[in-house]
Number of protein chains: 2
Amino acid sequence: MPAVSDCINMLDSETKAVETPEDHAEELRLWLRLLTCTTLIEGEVRGRLRQRFDVTLPRFDLMAQLDKAPDGMTLSDVSKRMMVSNGNVTGLVERLVDSGHLDRRTSETDRRVQVIRLTKLGRAEFRRMAAEHETWIADLFADLSPKDVRELMRLLAKTKASAQKSAARRRP
Amino acid sequence: MPAVSDCINMLDSETKAVETPEDHAEELRLWLRLLTCTTLIEGEVRGRLRQRFDVTLPRFDLMAQLDKAPDGMTLSDVSKRMMVSNGNVTGLVERLVDSGHLDRRTSETDRRVQVIRLTKLGRAEFRRMAAEHETWIADLFADLSPKDVRELMRLLAKTKASAQKSAARRRP
DNA sequence: GGAAAACATTTTAGGCTTAAAACAATTTGG
DNA sequence: CCAAATTGTTTTAAGCCTAAAATGTTTTCC
């Protein structure tokens with residue numbers, strides 16, 4: 001019968017009169033479930049890309065970014081979009097240039113900047129992979145109704161905003 | 001006015017009479033948003049763990065698994081729970097044993113098996129980190145109402161089940 | 001104009017991660 | 001019993017990833 005202490009804790013938490021160690025077990029469970037879903041799907045996509053096309057997920061992701069930018073992107077743009085470090089992109093790009101999927105040139109107006117684009121080969125291969133990739137995703141989410149999908153989109157948008165706000169609080 | 005073609009496509013997709021390239025753009029967007037949320041939160045947690053405790057996220061995750069298992073776990077158990085490869089766990093454990101956070105011994109009943117446990121130091125350090133970690137998670141999800149959290153939990157459970165089913169279809 | 005700040009990228013050092021092959025121990029089924 | 005299959009772990013080779021320092025370039029602003 002934890003009724004008394006519950007009341008006390010709730011009072012504390014509502015009035016903010018005292019610092020009580022609050023219970024955030026639900027949020028923690030939510031985070032672990034979110035992570036599980038992502039890891040599960042990501043692993044599945046990674047394996048299929050490897051089996052079907054002998055390509056790694058990061059390479060696919062990078063090509064996906066470039067496919068949406070016919071005029072090319074700078075390395076910084078790519079790094080921000082992919083949410084990975086600059087140095088990571090440098091290596092990824094190097095390998096994709098070597099394999100003939102990417103074209104890379106120094107900007108004419110700013111010699112600090114490197115602009116990368118998909119080559120004809122890179123674009124063709126990406127489109128081929130992307131078509132199949134889309135069916136994998138559809139299959140992975142197949143048991144969600146259209147309403148579920150909409151509702152998840154809404155709640156994840158809220159989650160993203162909340163997390164960005166929290167990150168900004170720490171790193172203003 | 002794409003009404004006509006829409007009707008045709010819907011008929012096809014409902015009756016399954018013809019194979020039409022269906023549109024799964026919504027599911028794709030959902031996947032990208034899920035990935036963004038996870039990457040955002042994971043990066044934030046990784047950075048805070050490093051700054052506050054000079055520990056990496058994988059080390060923290062491994063210790064979290066062991067904290068829930070006072071009698072220890074086998075490397076396979078850990079690898080399944082963390083959803084990472086066996087070889088990955090081998091290296092992670094090696095470094096944590098070296099730093100004095102883990103104890104590792106060969107099972108007496110099955111000499112293939114390695115059982116690992118948190119040492120006293122490991123448990124103490126983990127508890128200290130976990131307490132703070134929980135407040136970070138709470139803060140990252142702060143803008144979600146309790147109802148949002150419940151609803152997300154429900155939808156992610158459904159997502160997890162769907163993805164597991166899809167993975168099992170491919171790898172029976 | 002020129003020093004200082006800001007920016008874009010690369011390098012460095014170390015750790016993480018995977019898939020596949022190799023190794024070792026146990027279990028299974030004839 | 002014992003060969004074959006299975007199970008648990010490690011090794012290997014390659015690539016991914018990060019934070020921080022270094023390098024080169026441009027902008028700011030006195």
Side-chain angles (χ1 to χ4, degrees), chain A residues 35 38-40 42-63 72-99 101-102 104-116 171, chain B residues 35 38-40 42-63 72-99 101-102 104-116 171:
Chain A
L35 187 56
T38 300
T39 306
L40 188 60
E42 193 171 291
E44 199 58 26
V45 170
R46 182 194 312 279
R48 297 191 199 203
L49 280 174
R50 224 184 42 71
Q51 278 204 346
R52 283 283 292 132
F53 302 113
D54 193 33
V55 75
T56 67
L57 183 52
R59 275 161 131 99
F60 178 82
D61 285 345
L62 176 37
M63 290 197 268
M73 299 174 78
T74 69
L75 296 199
S76 291
D77 287 346
V78 171
S79 142
K80 283 190 198 81
R81 290 295 195 100
M82 293 181 73
M83 300 196 279
V84 299
S85 66
N86 286 340
N88 187 0
V89 173
T90 297
L92 222 38
V93 166
E94 189 182 329
R95 287 184 287 273
L96 279 165
V97 168
D98 287 350
S99 62
H101 294 85
L102 257 56
R104 162 214 212 112
R105 63 187 59 170
T106 302
S107 162
E108 312 223 331
T109 58
D110 185 339
R111 274 181 306 173
R112 287 172 301 182
V113 174
Q114 303 283 320
V115 178
I116 54 176
R171 212 179 341 82
Chain B
L35 188 56
T38 300
T39 306
L40 188 59
E42 193 171 289
E44 198 59 24
V45 171
R46 182 194 313 280
R48 296 192 198 202
L49 280 175
R50 233 183 51 66
Q51 279 204 346
R52 282 284 291 131
F53 302 111
D54 193 32
V55 75
T56 66
L57 184 50
R59 275 161 131 100
F60 178 82
D61 285 345
L62 177 36
M63 289 198 269
M73 299 174 78
T74 69
L75 295 199
S76 291
D77 287 346
V78 171
S79 142
K80 283 189 196 81
R81 290 295 196 96
M82 293 181 74
M83 300 197 279
V84 300
S85 68
N86 285 341
N88 188 357
V89 173
T90 296
L92 221 38
V93 166
E94 189 182 328
R95 287 183 288 272
L96 279 166
V97 168
D98 286 351
S99 61
H101 294 86
L102 258 56
R104 164 213 211 113
R105 63 188 60 170
T106 302
S107 162
E108 310 220 335
T109 58
D110 186 339
R111 274 181 305 173
R112 288 171 303 183
V113 175
Q114 303 283 320
V115 178
I116 53 176
R171 212 179 341 83

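Lettering follows sequence order; numbering is per chain, from 1. Computed from a prediction, not measured in an experiment: that's the story for all the values here.
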Write down the distance between [atom1] ([X]) and [atom2] ([N]), rounded to a whole number of angstrom.
X: Leu92(A); N: dT10(C); atom1: CG; atom2: P; result: 12 Å
X: Arg46(B); N: dG15(C); atom1: CZ; atom2: P; result: 15 Å
X: Leu49(B); N: dT18(D); atom1: CG; atom2: C1'; result: 14 Å
X: Arg104(B); N: dT9(D); atom1: CZ; atom2: P; result: 9 Å
X: Asp54(A); N: dA20(C); atom1: CG; atom2: C1'; result: 13 Å
X: Glu94(A); N: dC16(D); atom1: CD; atom2: P; result: 11 Å
X: Asn88(B); N: dC16(C); atom1: CG; atom2: C1'; result: 6 Å
X: Met73(A); N: dT9(C); atom1: CE; atom2: P; result: 11 Å

Salt bridge flag under 4.0 Å for residues Arg104(B) and Glu94(B):
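Salt bridge absent between Arg104(B) and Glu94(B).
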With a 4.0 Å limit, can you tell me whether [X] has a side-chain N or O closer than that to the phosphate oxygens OP1/OP2 of [N]?
X: Arg95(A); N: dC17(D); value: no
X: Thr90(A); N: dT11(C); value: no
X: Arg59(A); N: dC16(D); value: yes
X: Arg111(B); N: dT26(C); value: yes
X: Arg50(B); N: dA20(D); value: yes

With respect to the side chain of Leu75(B), which nucleotide from dC17(D), dA8(C), dT10(D) is positioned closest?
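Shortest atom-to-atom distance from the side chain points to dT10(D).
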Between dT7(D) and Arg112(B), counting only base atoms on the nucleotide and side-chain atoms on the residue, is there a donor-acceptor pair under 3.5 Å?
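Check passes, donor-acceptor contact within cut-off.
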Verify the distance criterion only: is there a donor paired with an acceptor across the side chains of Thr74(A) and Ser76(A) at less than 3.5 Å?
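Side-chain D/A pair, Thr74(A) to Ser76(A): absent.
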Side chains of Met73(A) and Arg81(A): does their closest heavy-atom pair fall under 4.5 Å?
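Yes, close enough: below the 4.5 Å cut-off.
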When you compare the side chain of Arg95(B) with that of Arg59(B), does any pair of heavy atoms fall below 4.5 Å?
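Yes, side chains in contact.
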So what does [X] touch, heavy atoms closer than 4.0 Å: a base, only the sugar-phosphate, or nothing?
X: Ser85(B); value: base
X: Thr74(A); value: sugar-phosphate
X: Asp110(A); value: sugar-phosphate

Taking the nucleotide of DNA chain C with the closest heavy atom to each, which residue, Gly47(A) or Gly91(B), is nearer the 5' end?
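So the residue in question is Gly91(B).
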Earlier contact from the 5' end, DNA chain D, for Thr56(A) and Thr109(A)
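Closest to the 5' end, via its nearest nucleotide, is Thr56(A).
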Hey, does the side chain of Ser99(A) reach the backbone of Leu96(A) with a donor-acceptor pair shorter than 3.5 angstrom?
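Here the side-chain-to-backbone pair exists.
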